[in-house]
Number of protein chains: 2
Amino acid sequence: MKNPEYLAHLIVEFYEKLSSWEHAVVKGKGLTLPQMHALELLGVHGPLRMKELADRMGVTTGTLTALADRLESKSLIRRAPNKEDRRSYLVELTDKGRERFLEHDKLHVQITREITAGLSPEETELFSAALSKMNGAF
Amino acid sequence: MKNPEYLAHLIVEFYEKLSSWEHAVVKGKGLTLPQMHALELLGVHGPLRMKELADRMGVTTGTLTALADRLESKSLIRRAPNKEDRRSYLVELTDKGRERFLEHDKLHVQITREITAGLSPEETELFSAALSKMNGAF
DNA sequence: CCCATTTACCTTGACAATCAAATTATCATC
DNA sequence: GATGATAATTTGATTGTCAAGGTAAATGGG
């Protein structure tokens with residue numbers, strides 16, 4: 001019953017459901033998935049250089065340039081000069097961008113509550129511990 | 001320590017890592033992520049109507065029409081007539097498409113093995129059970 | 001200090017993904 | 001059979017994406 005094929009299937013299903021949930025949530029907000037993803041990474045990690053953000057998103061800097069332009073034109077991010085290295089910017093959230101990030105992050109907590117509602121505290125604890133280990137194994 | 005915020009954070013991190021892994025794996029194969037996603041859904045669920053597949057992918061049928069055209073031109077899928085309803089097709093994998101799907105699916109099993117390598121059998125079992133419950137709760 | 005190399009970002013050109021809205025063909029119901 | 005709903009396509013516009021090429025700044029070895 002607990003062969004890797006079965007577990008792989010569960011993980012794929014979980015991934016698909018998260019993906020579809022995220023898609024639906026972002027859609028109603030005037031933002032695209034990549035745009036929200038960028039806000040999220042900036043919210044979690046603080047200001048990043050374009051290259052760092054592009055790497056974390058898994059896109060080229062060319063792609064990110066265009067994406068950042070759109071977010072900047074919506075006043076959600078800002079390119080601040082980087083004193084350490086004048087070739088680069090530090091991309092950071094504006095107040096409006098941070099607001100959007102926090103709002104979205106709240107939804108993550110909420111969906112987490114919902115999908116773990118059927119788990120006992122011990123189960124939740126063990127799930128959490130296992131997930132933590134797995135995240136470290138990538 | 002085990003508040004929902006923390007768990008939400010772990011889940012987001014897990015999702016991001018899966019996403020980034022998937023992206024990297026698909027890239028080297030001449031397929032895009034949505035294209036592989038379509039092959040995967042067809043592989044798992046069998047032949048689907050365009051509308052069904054679009055719904056599962058979370059895109060409009062207009063988007064899927066174009067996507068299916070590209071997959072069809074690569075001989076990975078086929079539009080078969082639907083005797084039940086002549087308005088629709090049944091989209092199905094070709095042999096070549098099934099091959100691609102199976103090959104990709106094997107990678108899922110493999111990455112699953114890798115990221116669960118640090119878990120004890122009991123932990124894996126519990127993780128699996130928790131995930132199964134959570135999938136049902138979406 | 002100089003020059004070659006690397007790095008960071010931007011630009012361009014081409015293609016893919018995406019949606020909303022309009023269209024066509026078929027189905028379903030009354 | 002007429003009317004309304006559904007399945008797929010088409011169209012037009014925007015966004016996402018990459019590879020390749022360009023510019024400016026940093027880096028490192030002579």
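Letters A, B, ... mirror the listed sequences (proteins, then strands); counts begin at 1.
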Using the salt bridge (Lys or Arg N to Asp or Glu O under 4.0 Å) rule, collect all pairs that involve residues 94-106 of chain A, keeping only residues at least two apart or in two chains.
A:Lys29-A:Glu103
Once salt bridge (Lys or Arg N to Asp or Glu O under 4.0 Å) is applied, what residue pairs with a partner in residues 3-22 of chain B remain, sequence neighbours excluded?
B:Glu13-B:Lys17
Hydrophobic clustering (ILVMFWY, side-chain heavy atoms < 4.5 Å, transitive) - are [Y] and [X] grouped together?
X        : Y       : result
A:Leu76  : A:Leu90 : no
B:Leu64  : B:Val44 : yes
A:Ile111 : A:Leu33 : no

Suppose we screen for ring pair (Phe, Tyr, Trp, His ring centres under 6.0 Å). Which residues come up paired with A:His37, at least two apart in sequence or across chains?
none
Heavy-atom contacts, protein to nucleotides 16-22 of chain D, under 4.0 Å, summarised as B (base), S (sugar-phosphate only) or - (none) per nt, yield SBB----
For B:Glu52 and D:dA7, give me the distance from atom CD to atom C1', rounded to whole Å.
11 Å
Chain B footprint on DNA chain C, 5' to 3' - any atom under 4.0 Å from a heavy atom:
C:dA16 to C:dC27
Applied to residues 105-138 of chain B, the ring-ring contact (aromatic ring centres under 6.0 Å, His included) test, sequence neighbours excluded, yields A:Phe127-B:Phe127, B:Trp21-B:His108, B:His104-B:His108
Sequence-distant partners of B:Ser19, side chain to side chain contact (heavy atoms under 4.5 Å, CB included), two or more places apart:
A:Tyr15
Partners of B:Lys27 by side chain to side chain contact (heavy atoms under 4.5 Å, CB included), sequence neighbours excluded?
B:His23
Side-chain contact test, heavy atoms from C-beta onward, threshold under 4.5 Å: evaluate it for B:Glu40 versus A:Val12 and give yes or no.
yes
Terminal axes of the helix from C:dC1-D:dG30 to C:dC30-D:dG1 (5 end pairs apiece), angle rounded to 10 degrees, sit apart by 30°
Identify each donor-acceptor pair in which a side-chain atom of residues 46-59 of chain A lies under 3.5 Å from a protein atom, sequence neighbours left out, and give them as a table.
from: A:Lys51; atom 1: NZ; to: A:Asp55; atom 2: OD1; distance (Å): 2.9
from: A:Lys51; atom 1: NZ; to: A:Asp55; atom 2: OD2; distance (Å): 3.2
from: A:Glu52; atom 1: OE1; to: A:Arg49; atom 2: N; distance (Å): 2.9
from: A:Arg56; atom 1: NH1; to: A:His45; atom 2: NE2; distance (Å): 3.4

Quick one: hydrophobic cluster around B:Leu126, which other residues, with the 4.5 Å side-chain cut-off, linked directly or via members?
A:Leu126
Which atom pairs link the protein and nucleotides 24-26 of chain D when you take only N or O atoms and keep those under 3.5 Å?
from: D:dA26; atom 1: OP1; to: A:Arg86; atom 2: N; distance (Å): 3.1
from: D:dA26; atom 1: OP2; to: A:Arg86; atom 2: NH2; distance (Å): 3.1

